[in-house]
Structures are given as structure tokens and as C-alpha cells.
**Student:** 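I have a structure here, written as C-alpha cells, and I will follow up with some questions on it.
Remember, predicted model here, so these are calculated numbers, not experimental data.
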Amino acid sequence: MTTVRHSIEIRTTAERLWTELTDFSQMHTWFLGVKKVRVLAETPRAGAERILTLVWGASHRERFGHWEPYKSFSIIVTDVPMFVRAWTALIRIENDGDRVTLDWEMCWEPRFGLLGAIFDRLLLRPAIRTALRVSMRRLRRRVEAAPAGASRSC
């Protein structure tokens, strides 16, 4: 199992960060490689699904494993890419007064034995690590730059 984890401090409240994180229609503005996200339920919640479309055209279905507002949610990729057996993510928010810590962990199990392990180590893991780090910095800039209560558009 491969795990990539990144944490970042953001000057905001847990409620405000949660609002940005769960506004999936805007995820493409800060998460590197994401083109579009469509939630397949009236509101996101445990068991709800979404379709994530990447900038190169690939799409996959994901299910929210658990949903604890202002604290955490998990994602289970149900249509995993061909080079992995399973893929999950856990997103947590820890409140610390006027700052919060956002912790994002992705785990996957590579396929194809030694060839898959080499692909994972040389390409997939570094790419995911970079995308996660860049995306979380972009999210921090987005959240810290906007006044509280401000609405966002494309």
C-alpha cells in the first residue's frame, strides 16, 4: 500500500474551510488536474457518489465513505484506474483557534507486481505528492484571500 500525506495550516475557521472543500463545483479552481466534479446526490453525505473528471479527459466515480461536517470526510474511488487495485482518501480538519490544519491522505495499492511498483515509485507517487502539495497551497491562498462570507464564482 502506498500512502501520500500532506498537511497545511490555513488562517481561517473550520467552517469556512469546510465550505470551500465541499463546494465541489469549484474544486477545479484549486485542485491540480481536476476539470469538473459532479455530485450525484442532492447534498454530499456518507454513501453519496460523485464523478470526478480530470483535465486529460479521464473520469472516475467516487463514494464518500464517511462525512463529519467541519471535521472530516473520506473518499473511496469505485472506478479505480487500471494501474491500482484500490484508492482511498481521508481529508481531516483540525481547529486551532484562528487557524486550522488541513490534513489530506491518499492511499492506493499498485497493480502489476514489480512493474507496478516501479511505476508507482518513479511516477505515480511523486506526481500525487506534487499535485497534493500544490493543490493545498492553492486552496490556502484562495481561502485566506477572500473575505469571510464572500461567495466565489468561476
Side-chain angles (χ1 to χ4, degrees), residues 1-46 48-81 83-84 87-108 119-154:
M1 182 72 72
T2 300
T3 300
V4 171
R5 182 178 178 191
H6 189 69
S7 295
I8 193 167
E9 280 192 357
I10 302 174
R11 288 186 312 267
T12 190
T13 63
E15 293 80 9
R16 182 123 182 281
L17 180 57
W18 181 263
T19 299
E20 282 292 328
L21 273 174
T22 59
D23 182 1
F24 299 114
S25 68
Q26 294 300 307
M27 191 173 178
H28 69 280
T29 65
W30 58 268
F31 204 99
L32 195 61
V34 171
K35 180 178 181 180
K36 179 181 169 185
V37 178
R38 184 168 55 102
V39 177
L40 304 176
E42 187 76 24
T43 57
R45 65 190 181 317
E49 294 187 342
R50 70 182 187 180
I51 304 291
L52 188 97
T53 303
L54 303 171
V55 293
W56 54 86
S59 293
H60 61 267
R61 185 178 293 259
E62 301 176 335
R63 180 179 309 113
F64 296 109
H66 87 272
W67 188 267
E68 188 175 358
Y70 314 113
K71 294 186 179 184
S72 66
F73 64 93
S74 64
I75 297 168
I76 302 155
V77 180
T78 58
D79 295 338
V80 293
F83 46 84
V84 298
W87 193 307
T88 62
L90 176 60
I91 298 90
R92 293 182 298 250
I93 299 172
E94 293 183 29
N95 202 347
D96 189 21
D98 63 342
R99 290 180 180 266
V100 295
T101 299
L102 174 61
D103 184 68
W104 199 305
E105 181 178 276
M106 289 191 191
C107 302
W108 63 90
F119 173 76
D120 182 55
R121 177 166 283 218
L122 296 179
L123 184 64
L124 186 58
R125 192 179 323 173
I128 295 299
R129 186 175 287 125
T130 299
L132 198 51
R133 186 176 62 246
V134 169
S135 298
M136 289 174 71
R137 287 179 183 165
R138 289 168 72 178
L139 177 62
R140 178 175 58 194
R141 280 195 301 273
R142 180 178 172 85
V143 170
E144 290 180 351
S151 62
R152 296 264 188 186
S153 63
C154 298

**Student:** Under 3.5 Å, side chain of T53 to main-chain N/O of K35, donor-acceptor pair present?
**Tutor:**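 Pair absent, no side-chain N/O of T53 close to backbone of K35.
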**Student:** How many angstroms lie between atom CE of M1 and atom CH2 of W108, to the nearest 0.5 angstrom?
**Tutor:**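 It is 10.5 Å, given to the nearest 0.5 Å.
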**Student:** Quick check: closest heavy atoms across D79 and H60, and the distance to 0.1 Å?
**Tutor:**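 Taking D79 first and H60 second, the nearest heavy atoms are O-CB, 3.3 Å.
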**Student:** When rounded to the nearest 0.5 angstrom, what is the spacing between CG in L139 and CG in L21?
**Tutor:**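 The CG atom of L139 sits 5.5 Å away from the CG atom of L21.
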**Student:** Check T29 against R138 and note the closest heavy-atom contact, atom names and distance.
**Tutor:**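 So the two residues come closest at O-NH2, 3.4 Å.
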**Student:** How close do L32 and A131 get, counting heavy atoms only, and between which atoms?
**Tutor:**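 Where L32 meets A131 most closely, the heavy atoms are CD2-CA, 3.9 Å.
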**Student:** So how far is it from T12 OG1 to R99 CZ, rounded to the nearest 0.5 Å?
**Tutor:**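 Between atom OG1 of T12 and atom CZ of R99 there are 11.0 Å.
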**Student:** Between F64 and T22, does a side chain to side chain contact (heavy atoms under 4.5 Å, CB included) hold up when you go through it step by step?
**Tutor:** CA-CA 11 Å; F64 296 109; T22 59; over 6 Å; no
**Student:** Pair L124, V84 - check side chain to side chain contact (heavy atoms under 4.5 Å, CB included), show working.
**Tutor:** CA-CA 10 Å; L124 186 58; V84 298; 4.2 Å; yes
**Student:** Would you sort out whether I128 and W87 count as a side chain to side chain contact (heavy atoms under 4.5 Å, CB included), showing the intermediate values?
**Tutor:** CA-CA 12 Å; I128 295 299; W87 193 307; 3.8 Å; yes
**Student:** Step through the shown structure and confirm whether more than 12 heavy atoms of other residues, nucleotides or ligands are within 6.0 Å of CD on E94.
**Tutor:**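 Not more than 12 within 6.0 Å, no.
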**Student:** Minimum heavy-atom separation for A46 and G65, please, with both atom names.
**Tutor:**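 Heavy atoms of A46 and G65 come nearest at CB-O, 3.9 Å.
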**Student:** Say you draw a straight line from CD1 of I76 to CG of L90; how long is it, rounded to the nearest 0.5 Å?
**Tutor:**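 Here the interatomic distance stands at 11.0 Å.
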**Student:** Mind checking whether W104 and F31 have parallel, tilted or perpendicular rings, split at 30° and 60°?
**Tutor:**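 W104 vs F31 ring planes: tilted.
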**Student:** To the nearest 0.5 angstrom, please state how far the CD1 atom of I93 sits from the CD atom of E15.
**Tutor:**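 That separation rounds to 9.0 Å.
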**Student:** Do you know which two heavy atoms are closest between A89 and M106, and how far apart they sit?
**Tutor:**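 Answer, listing the atom of A89 first, then M106: CB-CG, 4.2 Å.
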**Student:** Any donor and acceptor pair, going by atom type alone, linking the side chain of R16 with main-chain N or O of V143 inside 3.5 Å?
**Tutor:**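 Between the backbone of V143 and the side chain of R16 there is a qualifying donor-acceptor contact (under 3.5 Å).
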**Student:** For K36 versus H28, what's the shortest heavy-atom pair and its separation?
**Tutor:**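 Of all heavy-atom pairs spanning K36 and H28, the closest is N-CB, 4.5 Å.
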**Student:** Enter the distance from R61:CZ to R50:CZ here, rounded to the nearest 0.5 Å.
**Tutor:**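 Nearest 0.5 Å value for the CZ-CZ distance: 12.5 Å.
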**Student:** Checking the side chain of S72 only, and the main-chain atoms of E68 only, is there a donor and an acceptor separated by less than 3.5 Å?
**Tutor:**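 Not confirmed, S72 side chain does not pair with E68 backbone.
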**Student:** Under the side chain to side chain contact (heavy atoms under 4.5 Å, CB included) criterion, do V77 and L52 qualify, and how do the steps go?
**Tutor:** CA-CA 10 Å; V77 180; L52 188 97; over 6 Å; no
